Structures are given as C-alpha cells and as structure tokens.
Amino acid sequence: MIRQFITAGVLALAFIAPVADAAGTVELTVKSLQEVQVTDKNGKITKKTVPVAKVVPGDEVIYVISYANKGKQPADNVVITNPVPAPVAFRAGTSAAAGATDTVSVDGGKTFGKLEALAVPGADGKPRAATGADVTHVQWKLNAPVKAGASGSVSYRVVIE
Amino acid sequence: MRRQGGAPRSRVSQPPQYLRRNLLVAALLSLACQWPGYARAIGTDAGTSIVNTATASFDVAGLPGTPVSAVDTFLVDEILDVAVVADDATYVNATSPGTNAALAFTVTNTGNGPEPYRLVVDGSLAGDNFDPQNLRIYLDNGDGVFGAGTDTLYVLDGNNPLLVADASRRVFVVADTPAALAAGAIGLVQLTATAQTGSGAPGTVFAGAGENGVDAVAGSSTASDDAQNGYLVAQVTTTLVKSQAVDDHAGGSLPASGSTITYTLTFTVSGVGSIGDVLVADTIPADTTYVPGSMTLNGLPLTDATGDDEGRFTGTRIEVRPGGGTLVAPTVQVITFDTDIN
C-alpha cells in the first residue's frame, strides 16, 4: 500500500521535475535497543544489547538506524536525519557512523554542525556551548555511495528524561 | 503525553568529548552503561510513548530519490518510589494518660506514575520508654492540621491515598498515651508507606502492573519508605514575674511626673516538653505613656510594628510572642519596656 502511494507520488512528480525512479531503492529501519547485564551460570557478568524491554527515566536507549539499498543502482548522497524524540536527551559523543560524517542540530534542524562548535542561548541571554541535552537532530552524511545490495547502520544513545 | 511543565533538558551527565569517529567501536564498547538506571526519582511519565522517526534522502543516477522514513516506538515503564518524612520538628507533647495526640508526616510519590500507597504504623519500637496505644492514621483534608472530625480515618487497602507523580499527602499518626508515665517518657512510632503495586529491591519488576499496562519497576527507594517520630510525656510549668525600676532622670528613683519606669517581665518555662501559643501581654498603666521603641526580648530590641518581629505595641498594651509562640522547656524569656509617668 505504502509503496503504491510512493509510486504514485513519484509518477506525479515526474511531470514537474526529473526524478529518478527510485521507489524501493533505499530501505530504512529504526531499532530501539538497550544494554542489559547478563549473568551466566558461572556468575560472570557480561553486557548484552537487546531490544528495549524495560525503560524508566534515567535509563539509556541506543537508537540504531539501518539502511539497505534494495535497488539495482547505487544510492548517492545518502543523508539520514533523526529528530531526537522529545522525552529523551542525546548523549554527547555517542553518535556512531562508520563511513559517514555525523553532525547535530541544536536549532530544530535548521543548521547542523559538530556539537563542540555549536552554541545555544544561555540562561543569561548570552550564548553558551551546546551540550548533548540541547541536541534536536542528529544527521549522518554517508561518505560513499551505497552500492546495490549493500547495507549499513548508524547509531546514537539517549537517556530517558 | 509529555510531562507538562517538566524541567529543561539539562540533566544528563555528559560523557567525554574525546569519543570521535575513529574510536567508534571502542566508544560503543566502553561507554559506561547506566544500568541499573533507577536513581532518578522523577521524569517522563510512566506509559509515555516515545516515538522515533528517522528519514533518509538520496540520489540515484544523479536524480533525487523519494525520501524514506522509518519509525520505532516504545513505552516508558513505571518506576515505583516513595519518600516519607516526619514533619514535626520535635517530639510531640502528650499527657499521661492522654488521647489523640497527633504526629504529622508527608508521603511523596517520587516515582513517575500515579500510585496508591499502603500505610502502616508501628508503635512497638525499641529504644523508647512506652508504646503509644490505639494507633490510627488519618489522611489530611488539605489544611495541614489534624482534626478527627475533618480528616479521614485511613483503613489499610480501604482508602490507600492515590498520588500522581511528584504529589504529596500529609498524613497524621494519632495515638493515646498510657497512664502513670513519668514526665520525659518517650514513645516512638514509625510510619511506613509502600507502593500498592509492590515493593522490592531496586529493579524488581511487576510485569504489566504500570500505567497503560507498562511494567512497573521498584526504584531506588525499594518502593517503600518510612520515618519515625515520637510522643514526649510533657510536664511543663510556667511562671511570669513582673518587676519595675524607676529613673527620675536626676540620679534617683523618685516616681514623679517625667520619670521613666522600666518594666521587666520574666517568663520561665520549666519541666519537659514544649508549649505553644505563647503570648505575653502587658497593658500600659494609667497615667503613664509607653516610650516608643523601648521593647526588648532577651536583650534585643523589638519594633512596635505588627508582623516584623516577635513583639508589637497595640496602642494600649505591648504583646510579645517569644519563639514565635512556641517554647521548649526549660527556657527563660525576658521582656522589658519603658513608660513615662505623665
């Protein structure tokens, strides 16, 4: 059903501007994970990443955004953007993106940059250095095209407020 | 669904900034996990749905493809926590025998969802002189003051007080005192509040028992907390002694027109216990005039105005409420003021 809508949209757009017949080319999935401690029968404790089962304020959640090229041609200039959900706070330094350039926004997605270089209005009205809690969007620009059949993922961590 | 009026997003501790991309794998492995992360007492409401939508744009063969998006959603579980504090600054006076002495406590829901709390009072504690009798718990009607006729008698699991996240309720422990106790005898009580859903070591899960069917999890308080206070068999006696000294401003003490009389009121509280609503008042004698600003309490000046300190002059008499009206025995309070003979 959704794909039909997308196809219809692409056809409609085709009359206005040239658009690639890209339906079904890139597929995206979002997974919410968390780390849990697992104790084996010898009493050894290891950390394991599992789908979110139990989260309360203060807990950490790992968002993993996976992409896959299901088409027959490479996907170029892939940009993944993820607005940080309202009741969670971005953990600075946790954006993981092998083969991608990651930036964040602290102004609702208008501008992006490295967190260290961004500032927000402070309580006194003067700009202060932005922190993870100020982040509104996380963005990854893949450094190379995604070949047909290829896939990968990016991730970041948040804390439930 | 979002917590209304919540704190700004500034409460997250920051991991080191050195975790850059070339250290990604190491970063993922080494980042300290916050498990178990139940330390936070308040936060996003239980049952809140957290929806995350990511989008991707891309080009194919030099032309823009239709952006795609994906969503994942989870619900915030309920953390069960509670805090109990005793509100009276000291032991509360009781008589021997006595009835219906009230101790005030406040129960606060420090979790993130609405929760009824079971209340239990224990009067058989060690380390005191007597066990308070006929223990009852009353739920305050909102005025903060105990009244057997105005507050609601609590019945375990009959009317467990329901508190939304961060809300508090004043409750009173009310007891009788046995006869023949010596002055100074202390009887301790302990009030315990426990989440009705359950309690246990932090992290204990009550599957599906939370708001909107989420799991409920015992928080750092173990979903149970208690506080103690006690009754003190009081025996307080008070005396008020008035003396005067005359200064005729000529080196003598002749009570003549123009002479100043300094009155000294000595209020002595002895025994054990405390007294409240203390008001020491003295009417200015006929044919004399109060000397403005001459009032003192324990050597410190008091103003004549109402409301700015413990004393005032009403136009006909001085009024002093030492200690704001509450005094703990033993204590001596000395008040002076001057009048001029007309």
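We name chains A, B, ... by the order of the sequence lines, and we start the count at 1 in each one. Everything numeric in this text was worked out from a predicted model, so none of it was measured.
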Would you call the rings of A:Trp140 and A:Tyr156 parallel, tilted or perpendicular, where under 30° means parallel and over 60° means perpendicular?
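Correct class here is tilted.
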Would you mind checking if [Y] and [X] are paired as a salt bridge, meaning a charged N to carboxylate O distance below 4.0 Å?
X: A:Lys54; Y: B:Glu78; result: no
X: A:Arg128; Y: A:Asp134; result: yes
X: A:Glu35; Y: A:Lys48; result: no

Tell me, side chain or backbone of [X] under 4.5 Å from chain B's heavy atoms, or both, or neither?
X: A:Pro83; result: both
X: A:Val158; result: neither
X: A:Tyr67; result: neither

Check A:Val52, A:Ile160, A:Val61 against B:Ile50 for a side chain to side chain contact (heavy atoms under 4.5 Å, CB included) and give me the one that passes.
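Only match with B:Ile50 under side chain to side chain contact (heavy atoms under 4.5 Å, CB included): A:Ile160.
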Between chain A and each of B:Val51, B:Asp72, B:Asn52, count heavy-atom pairs under 4.5 Å; write down the option with the most.
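Highest number of pairs under 4.5 Å: B:Asn52.
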So for [X], is it side chain, backbone, both, or neither that comes closer than 4.5 Å to the heavy atoms of chain A?
X: B:Val76; value: both
X: B:Ser57; value: both
X: B:Asp215; value: side chain

Of the listed residues (A:Val79, A:Leu142, A:Thr29, A:Val138), which shares the most heavy-atom pairs with chain B below a 4.5 Å separation?
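Highest number of pairs under 4.5 Å: A:Val79.
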Hey, are the side chains of B:Asp166 and B:Thr108 touching, using non-hydrogen atoms and a 4.5 Å cut-off?
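No, every pair of side-chain atoms sits at 4.5 Å or beyond.
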